Structure formats: structure tokens, C-alpha cells
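Since the structure comes first, as C-alpha cells, the remarks are kept for the end.
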Amino acid sequence: MRSLSMFARLLIVSLSVILVCVAVLSGLTYTYQKNSVIDSRMDALKTQARDISYLASRLSMDSLSNSDLDPSAVEEYINWKSRRIYDDYDAYTMVVDRTGKYYIYYLQDHLREDTQKTVPSASELAEYMNLAMQGEEVVKQTQSSDGPYFTVMVPWVQSNSLGTIRTVMGYVLIQTAAQTVHAVYQDMIWQTALAAVGVFLFAAAVVFFVAQQITNPIAAMAKAAGQMARGNFDAKAPEEGGKEIAELGRSFNQMSVQLGSLEQSRRDFVANVSHELRSPVTSIKGFAQGMLDGTIPPEMHEQYLQVVVDETQRLAKLINNLLNLSRMENQETSLAYSHFDLNEMLRRVLISRMTQIDDKSLDIDVQFQDEACFVHADADQIEQVAINLLDNAIKYTPAHGTVTLITRPEGDHIIMRVKDNGLGIPAADAPFIFDRFYKVDKAHTVGKGTGLGLAICKRIMERHNQQIRLVSGENGAEFEITLEKGTNPGGTHGDTGAGKN
Ligand code: ADP
């Protein structure tokens, strides 16, 4: 059973249940019909026996009272009636008197002899004969030497002239071979069996159809899952069938789309990492080789060694970024929430970037609405976001440009913006700017970017359940993050820094 398909199982189980139900119902119907045929046959015979018993008692009374009723006419009538009983029910009739003497009024010749053997002398009937003699009506199935018989016994009685004393004079016995009754309901076996087979075949066809409806989409889904396991994420499951199956199909297809894009981004990621690692390694190797084999003259070694150092730094930065991203995605470290002054933190970051700012003669515009701006977040992680955004602003803004830092409360939140008037980000690139390794212009990223900075910012803000977005603007680029408002842990404004400039 375990190795059978779901379809076969459903079919076997349903058909077995249907088969048992049909068999039980047919059996019950047959038994009920059989009993009702026997009962009605016996009732009919009893009625006939009562008629004859009446006639028999009239006959004996009349013979006693010497009335003018012609006894032979009554006998003739009993004889005629017996014949009708024989013709209609295949049963023979006897009138038995108190002494055990019996009269067979009508019997076909070939039956007469058989009957002689079985009639009242049959020992198993003795008990019922006694009952009949006590005035009771008896219906019994008995076994005689040539098979089962149904016997009906109805006593015939005589009353005195006043009708006060009733004496049982004998009984009327009608006997019929059980086979003749059986023959009536034998036909029913076939009718019932035929009806049962019909019902079963119809139910089997319905079950077959329904089982197919249920299992076909599942089989198709299993096939699609198999293809997906082999890496084909285009495999689709049917979204049809019963409500739950169709829903399963839809969920399966959604899952396959997501797995497909996940697989695609995994491949892109590996390709990007390899690409990002290869270029610095290639240049380091090239310059080192050139210095070793003399292609680069000794007087230029210092210059090229600087390039080697820069490339090594870029490699180290890339690896650090990758590690950070992977740690965040695996949720390895939990956030260390604290209340801190965002303005103070931004001033520190600015001071640490003074060299680059001075090199490009950039103008820094600090627009802090309040002296101090307390937020509730992981200070190190938010500093990382600020550094990434500020570094980008510095990197992508030409000399003498302006970089603006803004902080202000807004509702429940603190808004921080980093804005520049540099290259800006084309609208077409905006939706992908936070993707890993995405760079707007591959050519201008000689600026030695890795394409991971904004992806890290996005992940950090997501972990804080806060927003980061690119504010659409025509001149330069502007990024905004939201932060949860914090409280001053020291109870006073902690601003000691540069203030507005
Ligand atoms: P990268 O290390 O390359 O700067 P990021 O993820 O920080 O990586 O940025 C992704 C890309 O977004 C950059 O390559 C750059 O093309 C673009 N970008 C980011 N910030 C700015 C900005 N302030 N001005 C113009 N372009 C930007």
C-alpha cells in the first residue's frame, strides 16, 4: 500500500467502502424483501385456510343437524377452493379431524403419493398439530424428507346451537414446498444484484473522476517540484482543482518565483564577488610582477607600491563589507540599542573625513534643527550608515561642491538627510540603488566603490524597522533615514560639538 500512488489509494479505499456499503444495503434489502414475500404468502395461505376451516365446520355442523344443506355441494366447494389454492400457490390442502383422519380434497395424481408420505404423520409437525388442536393458528417452516416446507394450520371449530361452547373439531392444513415460495423471491436476488452492480459501477465512475480531479494537480505539482529540485525554477504547478489544491498551486508558483529570484541573486552575488575580488588581485599581481621582472623601473616603485597598498585596502574593505553584510543577513549579532545624540555622532564622523573634504575643497552645510538630537538605536550601526552616506556624498561630488547634513524631529521620528550637489542618481537606477553590488555607472566607479555600501545601510535600517530612501531631486543625490526618537540619558543636552556651521 505504501508504494501505491495517491490516486490508486484513493480509488481502492473509496471503492472498498462503497463495495461494503452496497453489499450490506443489498443484503438488507434482499432479506427484507424475502421476509415480506414469505409473510404475505403465509398470510394469503392463512386466509385460505380460514375459509376452508369455516366450510369444514359448516359441513360437520350441517351433517349433525341434518339440515337441508347439501353436504356434497359444500365438499364440492372445498374441493374447488383446494384446486384454486393448488393452482395459485402450488400448495395442497387437507382437512384433518380430531381423530387424525384427513381428507385431501384436491390433489393432482402425481403429488398424491408424495403427500401421503409427508402429511400430518410427519413427526416434527406433531407439536404444532397439538397447538392447532388447542385452537391456535400455526405457521411453520419444517423439514421433510424432500426438502423444506411451509405449513399453515388453522383450527376448525363447532359451536353449540347457542354459540356458547366452541369445540375444536380439527384443523385445516395447507402445505407448500419452500422452493415454490423461494422461487418468487429468487428473481429478486438478480434484481437486487443487478441494482447493486449498477450503483457500484456508477459510484466507481464518480470516484474515479473525483480522484483524478484531486490527484492530477498534485501529480503535476510533484513533477514541477522535481524539476525545481533539478534547478529549473520556470516549472509551474497548475492553479486549478479544489479550493485548497488551487491555493497550494498558487503558493507553489509564488515560492518557485521567489526561489528563482533568490537563486538568481545568489548567482549574481557569487559572480559579483568574484569580479570584485579579481580586479584588485589582478592589478596587485601585475604591479608586483612588473617590479620583480624590471618592467617597472625602480624609480617608479614607490608610486606603484602605493597603488598596491590602495588596492589591498580596497580588498580589505570589500571583504569587511561582505562579512558585515553576511553577519547582518544571518542575524548573528543583535542590535545594541542605546539613547545617543545623533548630531554629536555626525560631527565626529565629519571630523574623521576632514582630509577628504579638504582635498576636494567641499563646502559642508550642517543643518541641525536642534543643538542635540537624541535617537534610540544601535549607535555603531547608525554611525556605519552615516559614514557610508557621507563617503558616497564626498566621493560622487566634484571639487568645490556642497554636502549638506540635516537632522530634525518629525512626528515620532528623527529625520536625517545627507545631500550633495554632485553627479546625482538617474531615475532609471533609483529602484536598484540599494541592491548588492549595484553601481550606477560602471565607468565612473573608478572611484573604487564596491556597490555594497548602500546595501549595508538598507539592511541596518531594516533591522531597526526604520526607513532609508533616496529622495528624488534634480541636483545631486539626497538620502534620508528615519530613526526612533530617543531621550537624553544624562538629562541635559549633550551637545558640545561644532554646532551649526
Ligand atoms: P559604492 O561603494 O560603489 O559607492 P554604494 O552601495 O555605496 O557602493 O553605492 C552604489 C552606487 O550608487 C554607487 O556605485 C554610485 O553609483 C551610486 N551612488 C551612491 N551614492 C551616490 C551619491 N551620493 N551620488 C551619486 N551616486 C551615488
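Note that the structure is predicted; figures quoted are calculated from it, not measured. Whatever order the structure lists ligands and atoms in, that order sets their numbers, starting from 1.
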Do you see a donor-acceptor pair shorter than 3.5 Å between the side chains of Asp268 and Gln264?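 Yes - a donor-acceptor pair under 3.5 Å links their side chains.
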
For ligand 1, which atoms sit closer than 4.0 Å to a heavy atom of [X]?
X	result
Tyr438	10 (C), 11 (C)
Ala477	22 (C), 23 (N), 24 (N)
Ile433	12 (O), 17 (C)
Leu452	6 (O), 8 (O)
Asn392	4 (O), 5 (P), 7 (O), 9 (O), 19 (C), 20 (N), 23 (N)

Under the side chain to side chain donor-acceptor pair (under 3.5 Å) rule, what do Asp380 and Gln384 come out as? Steps first, then yes or no, please. CA-CA 6 Å; Asp380 287 344; Gln384 182 66 59; over 6 Å; no

What is the ring orientation for His376 with Tyr337, classed by angle as parallel under 30°, tilted 30 to 60°, or perpendicular over 60°?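 Geometry flag for Tyr337 against His376: tilted rings.
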
Below 3.5 angstrom, do we get any N/O pair linking [X] and ligand 1?
X	result
Lys439	no
Tyr396	yes
Gly453	yes
Phe479	no

Taking the six-membered ring where the residue is Trp, are the ring centres of Phe437 and Phe269 under 6.0 Å apart?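 Yes - the distance between ring centres of Phe437 and Phe269 falls below the 6.0 Å cut-off.
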
Arg41 to Tyr89 six-membered ring, cation-pi geometry met (6.0 Å, 45°):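 Because its charged atom misses either the 6.0 Å distance or the 45° angle limit, Arg41 does not stack over Tyr89.
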
Does Gly422 come within less than 4.0 Å of ligand 1, judged by its heavy atoms?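 Heavy atoms of Gly422 never come under 4.0 Å of ligand 1.
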
For atom 26 (N) of ligand 1, the option (of Ile394, Asn388, Ile425) bearing the nearest heavy atom: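 Checking each option, the heavy atom nearest atom 26 (N) of ligand 1 is found in Ile425.
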
After noting the C-alpha distance and the side-chain angles of His301 and Ile296, does the key distance pass the side-chain contact (heavy atoms from CB on, under 4.5 Å) rule? CA-CA 7 Å; His301 279 192; Ile296 298 172; 3.9 Å; yes

